[in-house]
Asks: 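Structure below; questions to follow.
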2 protein chains.
Amino acid sequence: MTHIDFAYSRDSNTQTNGKTDPAGEIHPCSACTVRTLTVCAALEAEELRRLAEILQTTRFDAGHTVFGEGDPAETLYNVTSGTVKVYKLLPDGRRQITGFLLPGDFFGLSVNDSYAYTAETVTPVSLCRFPRRRMEALLDEFPKMQRRLFSMASNELAAAQDQMLLLGRKTAKEKICSFLLLLSQRASRRGHKTNPVHVPMSRADIADYLGLTTETVSRTFTQLKTSRVISLLEGNKVQIQDMDDLLDLAEGA
Amino acid sequence: MTHIDFAYSRDSNTQTNGKTDPAGEIHPCSACTVRTLTVCAALEAEELRRLAEILQTTRFDAGHTVFGEGDPAETLYNVTSGTVKVYKLLPDGRRQITGFLLPGDFFGLSVNDSYAYTAETVTPVSLCRFPRRRMEALLDEFPKMQRRLFSMASNELAAAQDQMLLLGRKTAKEKICSFLLLLSQRASRRGHKTNPVHVPMSRADIADYLGLTTETVSRTFTQLKTSRVISLLEGNKVQIQDMDDLLDLAEGA
DNA sequence: TTTATTCTTTGATCCATGTCATGGCGGCGG
DNA sequence: CCGCCGCCATGACATGGATCAAAGAATAAA
C-alpha cells in the first residue's frame, strides 16, 4: 500500500458523467489519473502509460448506484475521491454492507460475468473506470500488475476474515470500537489525520456494515460518549479519547 | 473449478509426517500429487512438472493444528483428502471459523510473513505443501499459474461476502439451511453425492462457523427434522427432503 | 424564514438466541 | 463388561439487541 508519488500526468479520455453531476467544484481529471496510477506503484513507466490509455474518469453524486448485483461486469473501478459502499441484499430487503471503499481502493472485479454485489456512492465520488476486456489483456501483458492485483485481493481476503470474526462473535460495543479503529487505521495508512476520524457514512450504513440496527449503533455511540471513550465532533468527526482503551474494547479484553 | 483428469504421475519428495500418523491406510503419494495437480488444470506440462518438483505431501490426524495465527508463513498448502478448518480467535477464546477446506482447496497464503489465522484438521487429512519462496519464484515464472491463483482468491472473496451476509443478517434457521446448501453444492462441484450430504464437523464447529452456539445449532437441526425439511442419517449424513424448500429457507423467502 | 423530509436519539417492550444445567448416547481403554 | 469422557440433545431461564414508537436535530426545499 505504498503511495509513491509519481510525477506522471496525462489527460485521458475523461468523461464527467452528467446524470447527477453536482454544481461547482472543478474536476481535476489529470490529478485523478495520477492518483489512481500511483496506487499501482512499482509499475514501470511503460505499464503506467498503457494503463492511462484505457482509463476513464467519472463523477457521481452521493447516493448513486454505480452498478447493481447481477449486472454484467464490464468495468473495474478505482476510487479517486469520496467513499463507496458495496453490499448484498436478501430477498426481503435485509442488507449487509461488505465494505466501504476509499480513494485508492478497487472494486468491480468479478470472476463470473456479473457483479456479485451492488456498489453505491456514500459521498460525491470520482472514479477511474477500466474496461474489463482491455484490463485483462493488460494484465496478461504485465505480470507485475497482476501480481499487484493479486496481493490486493489477498489483503481484502484477510480483511474479510476479520470482518467475519466481528460479525459472528463480537458484541455491539466491540463492533463499534473495531469500526472506529478501522477507520482510524485506514486514515493513517493514507496519510490523513487519524484522530478526529471522519465518519462519512450514516448510522444506517454503519448498522448494515456491522450487522446491527441504527438504534443500537446510536445507543452504543452515546454509551461510548458517556463513558468518555470518544466524543462526537462537528462534521461527522469522532474524537478518540484513548486509543489503547478503544483497542481493548474492540477485542473484549 | 474444472477437474480435468490429467494423466501425470510422479513420485515427489513425499514425507509421511510421523508425529501423529494413524495406523492403517496406505498413503498413495502419487495419487495425491496428481489430484492436487489437476486442480491446477489448464497448466502446461512443463509447469506441472515444476510444481511437482517443489511439492511435498503430509498426513495429519483429526484435531491437529497445521499452523497457528501469527506463525511465520513459510508454506502454502493444498488439501488432498479430508477436511481442514481455519479460524480466528478473540483474546477471551471466542472463535470464528472462517472456512472449511475440502480436497482441492488451498490455504496458508499470506501477504505478510505470518499467518492471519489458525488451521486445524477436522478429519484425518493429507496435504500437499508448497514452500513459499519456491512457490513465489514459480509464480513469477508462470503468469498463468498466478492468474489461476488470483481467480481462486477472487472466488474466495465472493464466498467471504456471502458469509458476511449470513453472519450479519440471517437468522439461525437461515444460517443452518445455507450451510447445508453450501455443503451440498460443494459436494456436487467435486462430483460427489449431493443429497445425503456428509457433515464431518462437530456441532461446535458448525456453531463457530455460523456465529451461533452448539445448543442453537442442535435445536435448529431438530426443528428442521421435525418440520420434515431434513432427516439425520447414520454416519454424519444429512438427507435433504426438498432442495427447493431448503433454498427458500436459506434466504428467508 | 418557514416548512418538509430525512436522520438521529431515546424510551418501552419483546423475543431470538445465549447461558446454565442435566441426562442420554456412543466410543474407547482397562 | 464396565466406567470414563466427549459429543449431542433438551429444558429452564436470562439477556443483548431487535422492534415499535415518538420526539428532537439537521438538512433540503419552498
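Proteins get letters first, then strands, A, B, ... in listed order; numbering begins at 1 in each.
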Asks: Tell me every residue that passes side-chain contact (heavy atoms from CB on, under 4.5 Å) with B/Ala187, counting only those two or more places apart in sequence or in another chain.
Replies: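 Result, side-chain contact (heavy atoms from CB on, under 4.5 Å) vs B/Ala187: B/His192.
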Asks: Quick check for you: name the first and last nucleotides of DNA chain D, 5' to 3', having an atom under 4.0 Å from a heavy atom of chain A.
Replies: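 Nucleotide range with atoms under 4.0 Å of chain A: D/dG17 to D/dC20.
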Asks: Write out a two-atom table: protein N or O, nucleotide N or O from nucleotides 22-28 of chain C, distance below 3.5 Å.
Replies:
none

Asks: Can you run down the salt bridge (Lys or Arg N to Asp or Glu O under 4.0 Å) pairs that involve residues 176-186 of chain A, sequence neighbours left out, and say none if there aren't any?
Replies: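 As it turns out, the salt bridge (Lys or Arg N to Asp or Glu O under 4.0 Å) pairs with a partner in residues 176-186 of chain A, which skip direct neighbours, are A/Asp105-A/Arg186.
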Asks: Considering only heavy atoms, which members of residues 222-242 of chain A lie under 4.0 Å from some atom of DNA chain D?
Replies: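 Under 4.0 Å from DNA chain D: no residue of residues 222-242 of chain A.
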Asks: Using the ring pair (Phe, Tyr, Trp, His ring centres under 6.0 Å) rule, collect all pairs that involve residues 80-100 of chain B, keeping only residues at least two apart or in two chains.
Replies: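 Those involving residues 80-100 of chain B are B/Phe100-B/Tyr209.
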Asks: Tell me which residues in residues 85-98 of chain B lie within less than 4.0 Å of DNA chain D, going by non-hydrogen atoms.
Replies: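 Going residue by residue through residues 85-98 of chain B, none turns out to have a heavy atom under 4.0 Å of DNA chain D.
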Asks: Can you list every salt bridge (Lys or Arg N to Asp or Glu O under 4.0 Å) pair that touches residues 165-178 of chain A, not counting sequence neighbours?
Replies: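 Checked against salt bridge (Lys or Arg N to Asp or Glu O under 4.0 Å) - neighbours excluded - the pairs reaching residues 165-178 of chain A are A/Arg169-B/Asp208, A/Glu174-B/Arg94.
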Asks: Using the salt bridge (Lys or Arg N to Asp or Glu O under 4.0 Å) rule, collect all pairs that involve residues 243-253 of chain B, keeping only residues at least two apart or in two chains.
Replies: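 Salt bridge (Lys or Arg N to Asp or Glu O under 4.0 Å) check on residues 243-253 of chain B returns no pairs.
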Asks: Scan residues 168-181 of chain A against DNA chain C and write down, sorted by residue number, each residue with any heavy atom closer than 4.0 Å; if none is found, say none.
Replies: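 Of all residues in residues 168-181 of chain A, none places a heavy atom under 4.0 Å from DNA chain C.
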Asks: For DNA chain D, which residues of residues 198-209 of chain B approach it to below 4.0 angstrom with any heavy atom?
Replies: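 Output list: B/Ser202, B/Arg203.
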Asks: With sequence neighbours left out, what residues match A/Ala250 under side-chain contact (heavy atoms from CB on, under 4.5 Å)?
Replies: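 Residues passing side-chain contact (heavy atoms from CB on, under 4.5 Å) with A/Ala250: A/Cys177, A/Ser178, A/Leu181.
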